There are 2 protein chains.
Amino acid sequence: MAKSDTRIQKKNQAAILGAGLEVFSQFGFRGSTLDQVAEAAGMSKPNLLYYFKSKEGIYTALLSQLLNDWLEPLQALDAEGDPIEQIIAYARRKLAMSQHYPRESRLFANEIIQGAPRIGDVLRGELKDLVDEKVAVIRRWQAAGRIADVSPYHLIFTIWSLTQHYADFDVQVRAILPDEDPFEGAALHLDRTLQAILTP
Amino acid sequence: MAKSDTRIQKKNQAAILGAGLEVFSQFGFRGSTLDQVAEAAGMSKPNLLYYFKSKEGIYTALLSQLLNDWLEPLQALDAEGDPIEQIIAYARRKLAMSQHYPRESRLFANEIIQGAPRIGDVLRGELKDLVDEKVAVIRRWQAAGRIADVSPYHLIFTIWSLTQHYADFDVQVRAILPDEDPFEGAALHLDRTLQAILTP
DNA sequence: CGTGTGTTTGACCAGATGGTCAAATATGAG
DNA sequence: CTCATATTTGACCATCTGGTCAAACACACG
């Protein structure tokens, strides 16, 4: 019985999710108010709640909408490709996401630092399964002697932490490097680091 | 004219700061309430405010009290020591802090992700100066050919991100590695990674 | 143009939250 | 023990916040 969304509904839902991303990524869930989101979306608070049941509804809609985009780069890691090339390509995709979608990165960071109360199940389910699968791929590469024998789990943590650092701690990075674009140096450094770790 | 604190004052101030650390590190500043802090400190809300002027007062007292501990490991980096040894020792100290003081790490992470509204000046001042000083040390080591020629700034970011990741994203790390202590593998991985990057 | 449906909002409410205050209670120096 | 001072708290207040509701408005379709 679900009617397909009208033009206006699509436009407003998109505006609300955009505003929610802006606000929630900066202040976290509890630190944000509906008035802030409404203001950022350019509409009244009751109108927000005409499109989404509650504050929580906006937030969880955002989280689940973004989760797929967030996992996609790792899914693209190809067991048939060249090992070092594949891993570096993955790291570059992740870094590019930090550069172009820092708000999404900070949204997840806020959520996870505060104990992941709303996506803990996804972390322990979908995410863990995906990581386990790719860890198996890396282990096969290692067994064949094609890359060095580092812990695949910690290798993945290395890529996550290094790339997300530039988005999540952007203020700190720019406090240290006020006169340059951190992402240029980061890309080069990331390449060299992974080369150094992975070369057998 | 400042009277030295009595026994009771010392005890209660410590209790409040401990409670504040517990609560603020989990929910961030805006996400925490004075009632939560009072409850965790085992006293009434008005009594909290007898010792600290405001919620903000507790928070900023915490931040500035912890900042020194946070910068100390980097200060201890010794220009006269063996380069690779010194850098790895720094990374290990940082990792140990993430392991033993994860709440402090998350407190800073929350603050910085949300734009560091209260410690931006410290980042651009004290922290930047300290980092610049140590970067100069690393550059001298590199000029002497004693370590590889990586960007010193990004090397430091690497150490920060890798070590703090295990504290700040603890929930995610443990979701992926439910059956082991992540810090054991992390220490080994960190050593190997830095060896690989730094060996000329 | 008129009518039914979808959209928007001003006014409002209940509960939470940061902070105040006067009164009660504990403490310790003489 | 006594009293001045330090400590503690119940009751309270103003503001903020998530959410509701009825009324107003816009719009498409006959």
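All of these numbers come straight from a predicted model, not from anything done at the bench. Below, each value reflects all heavy atoms present in this structure, side chains not excepted, and no hydrogens, waters or symmetry copies. Numbered from 1 within each chain, the chains take letters A, B, ... in sequence-line order.
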Heavy atoms of other groups near A/E126 CD, more than 12 under 6.0 Å:
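Check fails, neighbour count at 12 or below.
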Examine distances only and state if a side-chain atom of A/K55 and a backbone atom of A/S32 form a donor-acceptor pair shorter than 3.5 Å.
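Side chain of A/K55 to backbone of A/S32: a pair is present.
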So, the side chain of A/Q164 versus the backbone of A/S105: is there a donor-acceptor pair under 3.5 Å, distance only?
no
What's the [atom1]-[atom2] distance between [X] and [N], to the nearest Å?
X: B/L48; N: C/dG19; atom1: CG; atom2: P; answer: 11 Å
X: B/N47; N: C/dA22; atom1: CG; atom2: C1'; answer: 15 Å
X: B/F29; N: C/dT17; atom1: CZ; atom2: C1'; answer: 12 Å
X: A/D35; N: D/dC16; atom1: CG; atom2: C1'; answer: 9 Å
X: B/Y59; N: C/dG18; atom1: OH; atom2: C1'; answer: 17 Å
X: A/K11; N: C/dT7; atom1: NZ; atom2: P; answer: 11 Å

Which part of the nucleic acid, if any, lies within reach of A/F52 when heavy atoms closer than 4.0 Å are counted: base, sugar-phosphate only, or nothing?
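Result for A/F52 = nothing.
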To the nearest 0.5 Å, tell me how far A/Q65 CD sits from A/L67 CG.
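A/Q65 CD to A/L67 CG: 10.5 Å, rounded to 0.5 Å.
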Taking only side-chain nitrogens and oxygens of [X], does any of them come within less than 4.0 Å of OP1 or OP2 of [N]?
X: A/Q9; N: C/dT7; value: yes
X: A/Y50; N: C/dT7; value: yes
X: B/Y51; N: D/dA6; value: no

Looking only at side-chain N and O atoms, does B/D78 offer a donor or acceptor that is under 3.5 Å from a partner on B/Y90?
no
Stretch residues 36-44 of chain B: residues that reach within less than 4.0 Å of DNA chain C through a heavy atom
none
Run A/Y166 and B/F157 through side chain to side chain contact (heavy atoms under 4.5 Å, CB included) and show every step you take.
CA-CA 9 Å; A/Y166 290 93; B/F157 294 153; 3.7 Å; yes
So, are B/R118 and B/E56 salt-bridged, with charged N and O less than 4.0 Å apart?
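Yes, this pair counts.
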Would A/F169 and A/R174 count as a side chain to side chain contact (heavy atoms under 4.5 Å, CB included) here? Give the steps.
CA-CA 9 Å; A/F169 295 80; A/R174 289 182 197 273; over 6 Å; no
Can you sort out the partners of A/Q99 under side-chain contact (heavy atoms from CB on, under 4.5 Å), two or more places apart, ordered by chain and number?
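side-chain contact (heavy atoms from CB on, under 4.5 Å) check on A/Q99 returns A/D181, A/F183.
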Readout for nucleotides 19-30 of chain D: B = base within 4.0 Å of protein heavy atom, S = sugar-phosphate only, - = neither; 5' to 3' it is BBB---------
